[in-house]
Amino acid sequence: MSAPLDEADLLERAADWILLLRSGKATTEDAEQLQLWRRQSDLHEQAFVQAVRLYRDLGAMGAELENRNVRPFVVRVSAAKQMVSRRSLIGGALAASVAGYMIVKPPLEMWPSLAELSADYRTAKGEQLDVKLASNVALKLNTQTSIAVRGNDVNPRIELISGEAAITTRRDSFEPLVMIAADGQITSSAADFNLRCIDGVVLATCNEGSVTISHGGRSVRLGRGEQVSYSASDPLGRPVSIVDAGSSSAWREKLLIFRDQPLSAVVAEVNRYRPGKIVVTNAQLGQRLVNGTFHTDRLDDFVAQVRQLFAANVRALPGGIVLLS
């Protein structure tokens, strides 16, 4: 009979995985091995999620402890006594972190960041997921989307860590739905809206009802067919845009619609759905304009279409990486 799993040991092993991901030395093979480790049992998965959340949520504390030259540790509790675990969970991981959420960007984004791995709900490439958080709050998560849920089932508070989601809310005006995305706040009592957060750039589109966007001390109210964006380098304040709500939410029907978009932007979007990674290495090619509609379930022919349309050179590398020039 195998020995029972020790939760403290699993937590420590999870911390080792986090340190490897932070080291800059992790490979795609390491990421695959991590996924296999997490799938061994529910306890393995729970340990990893707990370790990442500790790393993420206690980042500010870790930075302060580093300044004071204090090394924190995990305490193992038993009915008989308390013992310091033989290795530090937080230690180097938290002490090396900075305030706020830590987002470790893997090479070529070949696996999710630590913040994404700690999400309560997360979709893989090409996957969509329907999430009903309350009787009056429903979300549809697009590909490579991660959300964290705070509060409770009656009054959830949602953070869009990364990705894209369609949100439908029908709440009392005194307790509107509150969402967080890249240090901004999105509130609404009754609306159908689309929220996107990629690389810290947030794009909010109201399809029905009204939504209030707050960021950097400013607020904007969106009505049907209106859109606004913000980021740390481009705070809220630009004029509201009028858009085709059908195009912005076409992904719900597994469609990507591009109108006069540079190939570099189109490739960046396709990469969110297609396995591997397409890289445009020719700046002039990247500026060529694309008009078309693509089905997200049929993107295997995308590279061949680009080669045919723009006479592009294609080089396939191991790991699903494709170079276009």
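Hydrogens, waters and symmetry mates play no part in the numbers below; they use all other heavy atoms, side chains included. Computed from a prediction, not measured in an experiment: that's the story for all the values here.
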Chemist: Who are the side chain to side chain donor-acceptor pair (under 3.5 Å) partners of Ser210, not counting sequence neighbours?
Modeler: Arg221

Chemist: What residues, two or more places apart in sequence or in another chain, satisfy side chain to side chain donor-acceptor pair (under 3.5 Å) together with Ser325?
Modeler: none

Chemist: Can you list every pair that meets ring-ring contact (aromatic ring centres under 6.0 Å, His included) and has a residue in residues 208-234, with sequence neighbours left out?
Modeler: His215-Tyr230

Chemist: Using a 4.5 Å cut-off between side-chain heavy atoms of Ile, Leu, Val, Met, Phe, Trp and Tyr, which other residues end up in the same hydrophobic cluster as Val267?
Modeler: Trp251, Leu256, Phe258, Leu263, Val266, Val270, Tyr273, Ile278, Val280, Leu285, Val290, Phe294, Leu299, Phe302, Val303, Val306, Leu309, Phe310, Val314, Val322, Leu324

Chemist: Please list, chain by chain and in numerical order, all residues satisfying salt bridge (charged side-chain N to carboxylate O under 4.0 Å, His left out) with Glu269, sequence neighbours excluded.
Modeler: Arg196, Arg272

Chemist: My understanding is that only residues two or more places apart in sequence, or in another chain, count here; which of them pass salt bridge (charged side-chain N to carboxylate O under 4.0 Å, His left out) with Asp42?
Modeler: none

Chemist: Under 4.5 Å side-chain heavy-atom separation, chaining through any Ile, Leu, Val, Met, Phe, Trp or Tyr, what else clusters with Leu36? Say none if it is isolated.
Modeler: none

Chemist: Between Leu129 and Tyr121, does the side-chain contact (heavy atoms from CB on, under 4.5 Å) criterion hold? Intermediate values first, please.
Modeler: CA-CA 9 Å; Leu129 178 65; Tyr121 297 93; 4.2 Å; yes

Chemist: Determine which pairs satisfy salt bridge (Lys or Arg N to Asp or Glu O under 4.0 Å) with at least one residue from residues 222-232, sequence neighbours left out, and list them in order.
Modeler: Glu208-Arg224

Chemist: Show me the pairs that pass salt bridge (Lys or Arg N to Asp or Glu O under 4.0 Å) and involve residues 249-268, at least two apart or across chains.
Modeler: Asp192-Arg252, Lys254-Asp297

Chemist: Could you list the residues that satisfy side chain to side chain donor-acceptor pair (under 3.5 Å) with Asp301, not counting sequence neighbours?
Modeler: none

Chemist: Please identify each residue that fulfils side chain to side chain donor-acceptor pair (under 3.5 Å) with Thr293, with sequence neighbours left out.
Modeler: none

Chemist: Considering only Ile, Leu, Val, Met, Phe, Trp and Tyr, and joining two whenever side-chain heavy atoms are under 4.5 Å apart, list the other residues clustered with Leu289.
Modeler: none

